[in-house]
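Note: hydrogens, waters and symmetry copies are ignored here, and every other heavy atom, side chains too, is used. Residue numbers start from 1 in every chain, and the chains themselves are labelled A, B, ... in the order their sequence lines are given, proteins ahead of strands.
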Amino acid sequence: GQQVMQIPQYQHVQEGEDFTTYCNSSTTLSNIQWYKQRPGGHPVFLIQLVKSGEVKKQKRLTFQFGEAKKNSSLHITATQTTDVGTYFCAGSGNQFYFGTGTSLTVIP
Amino acid sequence: DSGVTQTPKHLITATGQRVTLRCSPRSGDLSVYWYQQSLDQGLQFLIQYYNGEERAKGNILERFSAQQFPDLHSELNLSSLELGDSALYFCASSVGLAGFGETQYFGPGTRLLVL
């Protein structure tokens, strides 16, 4: 069946360093969404990408959808302690699939 | 506050027991989704309902069942509970069908502990 994998599973960075998480699907996705889950919280929608090669920015966050619509990335520039949490991608195919998540720790 | 409510917040029960988790979607949302999140695990999709009808099934065990009522609230029933069922159970809602790229709004979750 369809799977959405994310790497890395865990990432520790010093505050101010950049961070990137990658999302890969075994099949083509019609769109991809990104969610953030703070420790002890629930997933919160960040953004949706629909077009092949699409790039969207939210302040220090840059989201990209691959040309083949099978992969995506989230890049955070100059991480802050408020960025701590687990980032999930979620792809729409014939169902809705959440990725395995990347847990980000930011060391002050 | 996402507008999605879940009750109870915490639930402690024993193996072999049965529990019911309740979810009220955001006003106007027709789809309800259930997810299981174990410690250090991702979100495992269990089941989706749209306007009262089951639309998609994920990794839901036969011991688990769900339904969506005419007022659109949903209940997840977990029976013959095992230790491994201890997890955080999230409900999410969306306006229509997330397969078409809609945002899902998550509730605060119900933390289930099976002893």
Side-chain angles (χ1 to χ4, degrees), chain A residues 1-11 21-25 27-52 54 56 58 63 65 69 72 85-105, chain B residues 1-10 21 23-26 29-50 54-60 87-112:
Chain A
Q2 184 169 9
Q3 290 188 354
V4 179
M5 304 298 293
Q6 279 183 256
I7 55 171
Q9 188 176 0
Y10 301 97
Q11 184 79 59
T21 174
Y22 300 90
C23 178
N24 296 288
S25 170
T27 59
T28 301
L29 302 169
S30 56
N31 60 68
I32 198 154
Q33 298 177 357
W34 285 90
Y35 290 78
K36 177 183 178 181
Q37 184 178 18
R38 294 181 184 274
H42 59 273
V44 174
F45 174 79
L46 293 177
I47 207 162
Q48 176 174 284
L49 304 170
V50 179
K51 299 177 184 176
S52 169
E54 188 171 12
K56 286 188 177 180
Q58 287 181 349
F63 304 84
F65 201 7
K69 300 184 77 173
S72 180
T86 300
Y87 293 85
F88 292 97
C89 63
S92 291
N94 56 353
Q95 269 195 33
F96 195 73
Y97 300 91
F98 268 87
T100 47
T102 295
S103 176
L104 173 64
T105 300
Chain B
D1 183 8
S2 66
V4 178
T5 60
Q6 289 186 248
T7 56
K9 286 187 178 179
H10 302 276
L21 312 183
C23 168
S24 292
R26 291 189 322 154
D29 285 359
L30 299 178
S31 275
V32 169
Y33 311 79
W34 286 97
Y35 293 89
Q36 179 193 58
Q37 187 173 44
S38 302
L39 191 64
D40 290 336
Q41 294 292 315
L43 288 158
Q44 298 296 317
F45 169 68
L46 296 178
I47 199 163
Q48 175 195 4
Y49 281 84
Y50 174 74
E54 181 185 305
R55 287 305 301 244
K57 255 186 177 180
N59 301 318
I60 188 167
L88 191 53
Y89 291 84
F90 284 110
C91 165
S93 73
S94 68
V95 173
L97 300 169
F100 298 97
E102 295 184 344
T103 301
Q104 291 187 31
Y105 296 88
F106 282 77
T110 293
R111 187 169 295 280
L112 173 66

Would you say the rings of F106(B) and F45(A) are close, in the sense that their centroids are separated by under 6.0 Å?
no
Indicate the atoms forming the closest heavy-atom contact of E102(B) with Q48(A), along with that distance.
N-OE1, 4.2 Å
Heavy-atom closest contact (S2(B) atom, H42(A) atom, distance):
CB-NE2, 4.4 Å
How far does [atom1] of [X] sit from [atom2] of [Y], to the nearest 0.5 angstrom?
| X | Y | atom1 | atom2 | value |
| --- | --- | --- | --- | --- |
| Q104(B) | Y35(A) | CD | OH | 4.5 Å |
| T86(A) | Q37(B) | OG1 | CD | 7.5 Å |
| Q37(A) | L43(B) | CD | CG | 6.0 Å |

Step through the shown structure and confirm whether more than 12 heavy atoms of other residues, nucleotides or ligands are within 6.0 Å of CZ on R111(B).
no
Using the test side chain to side chain donor-acceptor pair (under 3.5 Å), find all partners of T7(B) that sit at least two apart in sequence or belong to another chain.
none
Quick one: what part of Y105(B) sits under 4.5 Å from any heavy atom of chain A, side chain, backbone, both or neither?
neither
